[in-house]
Each structure stands twice: as C-alpha cells, then as structure tokens.
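What you see is a predicted model, and the numbers here were worked out from it, not measured in a lab.
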Amino acid sequence: MQRVPLVLGNWKMNGSVQANESLLQGLLGSLGPEADTAIKHDSLQAGVAVPAPYLFQVATRLRMSGLLWGGQDCSNEVAGAFTGEVSADMLKEFDCQFSLVGHSERRQRAAETNELVGLKLGQLLNKGLTPVVCVGESLSEREKGSAQDFVVGQVRAATKGLNDQQLAALVIAYEPIWAIGTGKSASSADAQAMHATIREELSQQSKSAAQAIRIIYGGSVKAATAADLFAQPDIDGALVGGASLDASEFSSIIQSACPAAQSPH
Ligand code: PEP
C-alpha cells in the first residue's frame with residue numbers, strides 16, 4: 001500500500017516570536033518546487049509541533065502553505081481545573097491537524113504512563129485530530145534484548161480498545177530514547193526491523209489498519225541520514241527534533257521524503 005510520507009518537526013521548548021518567524025520563512029523559502037508541489041497535491045505531508053503559546057502565530061503563518069501544525073501534548077481531560085494543560089478542543093480551535101502524545105520526554109519528566117497516553121490519544125480522536133503516538137525503548141532495554149517486547153507493549157497499551165477506523169487514523173512515531181538528541185540515530189536496518197514489528201503487532205488487531213497506518217522514525221534524524229531511512233519499506237517518514245530548528249536542514253529532510261525522491265516500496 002502507498003502511504004503518504006509524513007515529516008514532522010518537534011520544536012520542543014524552543015522558539016520565540018521572532019525566531020519562529022525567521023525559521024518558518026526560511027523553511028517555506030527553501031522547500032523547492034518538487035516538495036512544494038507534492039505537499040500541495042497531498043502526496044507528501046510535512047509540519048511542525050510547536051509550543052502552545054505559538055499556535056496562533058504558526059497557524060497564521062502556515063495557513064496557506066500546505067504545511068501542517070500541531071501540539072506537542074494534549075490533556076486527557078476535556079476541560080476544567082487542570083492548570084497548565086491544553087485540551088484537544090483548544091488545539092482544534094487553532095486548526096491543529098495533529099498532536100504528539102507520549103513523547104519520551106513527557107513519559108520521563110511527567111511520569112506519563114501507557115494508560116494516560118491512551119486517554120490522551122482518545123481525546124484527540126474524539127475531536128478528529130491525528131494522534132502522533134511516540135513509543136521507544138531506553139538503552140538498557142535495548143542492551144537487555146527486550147526492545148521489541150517493550151515497544152510492542154507500548155503500542156498494545158496505546159491502541160487497546162480502538163476500532164479499525166480509529167487505529168488507521170493514528171500515526172506511530174518510533175523513537176528509541178537513546179537516539180533522541182544524542183546524534184546517534186538507529187541504523188536504517190534496526191529502525192526498519194522495529195517498524196516491521198510494530199506493523200505486525202497492529203495487524204493482529206486489523207490487517208487493513210496496519211497497512212494504512214504511518215509509522216515514522218525519530219531520533220537524531222539529519223538530512224544526511226534521512227534518505228536511507230525513508231527508503232525502508234516500513235518507515236513512512238520522520239519526527240525530527242533538533243534538526244527541525246534549522247530551516248535548510250529540515251527542508252532537506254522533507255525533500256528526501258518526496259515520493260519523487262524515493263524508490264517505490
Ligand atoms: C524528538 O524529540 O522527537 C527527536 C527525535 O529529537 P532529535 O531529532 O533531536 O533526536
């Protein structure tokens with residue numbers, strides 16, 4: 001099945017009104033005609049996950065561009081006394097198309113459990129937003145040889161109780177924790193092996209949803225490594241942290257995901 005490649009930048013807690021403006025201007029100015037056309041024709045999707053205070057600015061700037069924008073997290077609650085949280089309704093009001101949930105930095109810093117991540121993605125699905133569900137093992141799980149079981153457990157917990165349609169609406173981001181922000185990407189063969197395992201796990205729930213779902217890779221993706229990753233049959237794009245803060249680097253990564261730049265899967 002031909003899945004539309006997806007490249008998302010994760011700005012994390014970076015940016016300022018001025019820095020965002022020049023980053024987005026640089027990005028839009030450097031995409032080039034091929035990626036620009038692919039984005040306009042929906043044969044390529046690309047976007048940025050931004051800190052909530054900048055959603056209005058980014059929505060205004062990107063509205064006519066074809067690029068997507070979204071949140072970095074979403075509350076598991078609908079509304080009320082939850083200081084500091086951002087609801088799916090709020091993301092929707094700023095025309096976000098997606099939000100990250102379960103990023104390892106939130107799982108570690110805010111002790112988010114698989115169960116909480118499942119509730120968060122449920123809120124997004126209820127509002128028609130695409131949950132980008134982040135999963136990935138630590139270095140010690142990889143060294144113990146339990147990386148696949150660990151990641152399958154996260155995927156299973158996050159997707160529990162979803163129907164086929166809901167399942168197909170998800171994006172899974174496989175991000176080995178040891179590769180995030182370290183400059184040490186998983187090899188394309190190791191990443192492909194984990195993506196194939198995740199797709200196999202999803203196919204136990206629904207064969208058609210497993211074929212439709214995008215599984216993107218995150219962890220020190222750079223322009224130099226992107227094409228090799230995207231050439232793998234089960235790697236449908238990337239979630240890019242540090243490199244998404246550099247307009248020309250991020251633009252090159254997006255260009256590498258252009259269907260015209262790919263050999264057919
Ligand atoms: C991320 O934070 O999702 C990420 C993959 O970061 P980096 O690309 O910097 O490793």
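Pairs of residues two or more places apart, or lying in two chains, that qualify as salt bridge (charged side-chain N to carboxylate O under 4.0 Å, His left out) and include a residue from residues 152-164 are Arg156-Glu201. The ring pair (Phe, Tyr, Trp, His ring centres under 6.0 Å) analysis of residues 173-207, with sequence neighbours excluded, yields the pairs Tyr174-His195.
Comment: Glu137 engages Arg142 in a salt bridge, judged by a side-chain N to carboxylate O separation of less than 4.0 angstrom.
Applying the side-chain contact (heavy atoms from CB on, under 4.5 Å) rule to Val78 yields the partners Gln123; only residues at least two apart in sequence or on another chain are considered. Partners of Leu162 according to the side-chain contact (heavy atoms from CB on, under 4.5 Å) rule, which considers only residues two or more places apart in sequence or in another chain, are Leu121, Leu125, Thr159, Gln166, Leu167, Leu170. Evaluation of the side-chain contact (heavy atoms from CB on, under 4.5 Å) rule for Gln108 yields Ile177 as partners, not counting sequence neighbours. In this structure, the side-chain contact (heavy atoms from CB on, under 4.5 Å) partners of Gln18, at least two apart in sequence or on a different chain, are Ser16.
Dense packing is recorded around CD of Glu77, with more than 12 heavy atoms of other residues, nucleotides or ligands lying under 6.0 Å away. In Gln165, the CD atom is not crowded: 12 or fewer heavy atoms of neighbouring residues, nucleotides or ligands sit closer than 6.0 Å.
Checking Arg107 against Asn114 by side-chain atom types alone, a donor-acceptor pair falls below 3.5 Å. With no hydrogens or angles considered, a side-chain donor-acceptor pair links Ser251 and Ser30 at under 3.5 Å. For the residue pair Glu141 / Ser146, no side-chain donor-acceptor distance below 3.5 Å is found, with atom types taken as modelled.
Here Leu24 contributes atom CG and Phe250 contributes atom CZ; the two are 10.0 Å apart, rounded to the nearest 0.5 Å.
Listed for the Gln72 side chain is no donor-acceptor partner under 3.5 Å among the backbone atoms of His103.
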